[in-house]
Amino acid sequence: MISEKISLFRDKFKKSAKRKGFTLMEILVACAIIIALSVGAFFAYQQAQQTRKIAQMNQDMEAITNAALSYEAMSLDSTPPASIQALITGLTADESVDGAAHTFLTQVKGNTTSTNDVLDPWGTAYSYDASARTVECTPKDPSGASYSQAVTRHF
């Protein structure tokens with residue numbers, strides 16, 4: 001009786017000992033699933049980044065146009081600023097309607113603007129034209145190529 005139990009246990013152990021690892025096919029299928037999920041996540045991340053950049057561009061352009069309108073309303077000569085840099089430096093007390101100094105564009109993209117050019121999320125300067133009263137930007141796709149049509153805001 002004990003020998004029969006030992007024999008059964010030994011046979012069962014031998015069968016399970018033969019099946020300790022994974023087959024090559026199982027490993028390849030698992031790798032294919034992981035690769036497919038990774039590729040999908042990569043493209044979803046790229047799309048989310050592009051959406052974020054376009055939203056940031058719209059916020060920046062809205063801030064620039066609002067600042068240009070405020071500048072125009074506060075300046076003694078009631079003209080739009082000549083450049084985006086004029087929005088950053090602002091008006092002196094002698095140039096403003098109320099006799100106080102004003103700055104109009106202090107933040108774009110969450111950072112204090114301290115350079116001559118205000119850069120869009122793709123790293124190029126916004127196009128500002130005071131005579132046409134427009135701010136323009138050409139978005140780029142994730143590969144860095146420009147879209148065929150620029151986005152223009154009028155003020």
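Sequence positions, counted from 1, serve as the residue numbers for this chain.
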Approximate separation, where rounding is to 0.5 Å, of [X] [atom1] and [Y] [atom2]:
{"X": "Asp120", "Y": "Ile54", "atom1": "CG", "atom2": "CD1", "answer": "11.0 Å"}
{"X": "Asn66", "Y": "Arg153", "atom1": "CG", "atom2": "CZ", "answer": "9.0 Å"}
{"X": "Cys137", "Y": "Leu119", "atom1": "SG", "atom2": "CG", "answer": "10.5 Å"}
{"X": "Gln56", "Y": "Thr51", "atom1": "CD", "atom2": "OG1", "answer": "13.0 Å"}
{"X": "Ser146", "Y": "Trp122", "atom1": "OG", "atom2": "CH2", "answer": "9.5 Å"}
{"X": "Asp98", "Y": "Met74", "atom1": "CG", "atom2": "CE", "answer": "3.5 Å"}

Backbone of [Y] reached by a side-chain donor or acceptor of [X] within 3.5 Å:
{"X": "Gln50", "Y": "Lys140", "answer": "yes"}
{"X": "Tyr128", "Y": "Pro81", "answer": "yes"}
{"X": "Arg133", "Y": "Phe155", "answer": "yes"}

## Note on the structure
All heavy atoms of Ala73 vs all of Val97, minimum pair found to be O-CG2, 3.8 Å
### Message
If you compare all heavy atoms of Ser143 against all heavy atoms of Asp141, which two are closest, and at what distance to 0.1 Å?
### Response
OG-OD1, 2.6 Å
Any side-chain heavy-atom pair of [X] and [Y] under 4.5 Å:
{"X": "Ile84", "Y": "Ile64", "answer": "yes"}
{"X": "Thr103", "Y": "Ile88", "answer": "no"}
{"X": "Gln47", "Y": "Phe43", "answer": "no"}
{"X": "Met57", "Y": "Val151", "answer": "yes"}
{"X": "Ser75", "Y": "Glu95", "answer": "no"}
{"X": "Tyr71", "Y": "His102", "answer": "no"}
{"X": "Lys53", "Y": "Pro139", "answer": "no"}

With the 4.5 Å side-chain cut-off for hydrophobic clustering, are [X] and [Y] part of the same group?
{"X": "Leu69", "Y": "Met61", "answer": "yes"}
{"X": "Phe42", "Y": "Ile35", "answer": "yes"}
{"X": "Leu37", "Y": "Val29", "answer": "yes"}

Regarding [X] and [Y], is there a side-chain donor-to-acceptor distance under 3.5 Å anywhere?
{"X": "Glu136", "Y": "Thr152", "result": "yes"}
{"X": "Thr92", "Y": "Asp94", "result": "no"}
{"X": "Tyr126", "Y": "Asp60", "result": "yes"}

### Task
Please name all residues satisfying side chain to side chain contact (heavy atoms under 4.5 Å, CB included) with Ser83, sequence neighbours left out, ordered by chain then number.
Gln85, Ala86
### Task
Evaluate whether atom OH of Tyr45 has more than 12 neighbouring non-hydrogen atoms of other residues, nucleotides or ligands under 6.0 angstrom away.
no
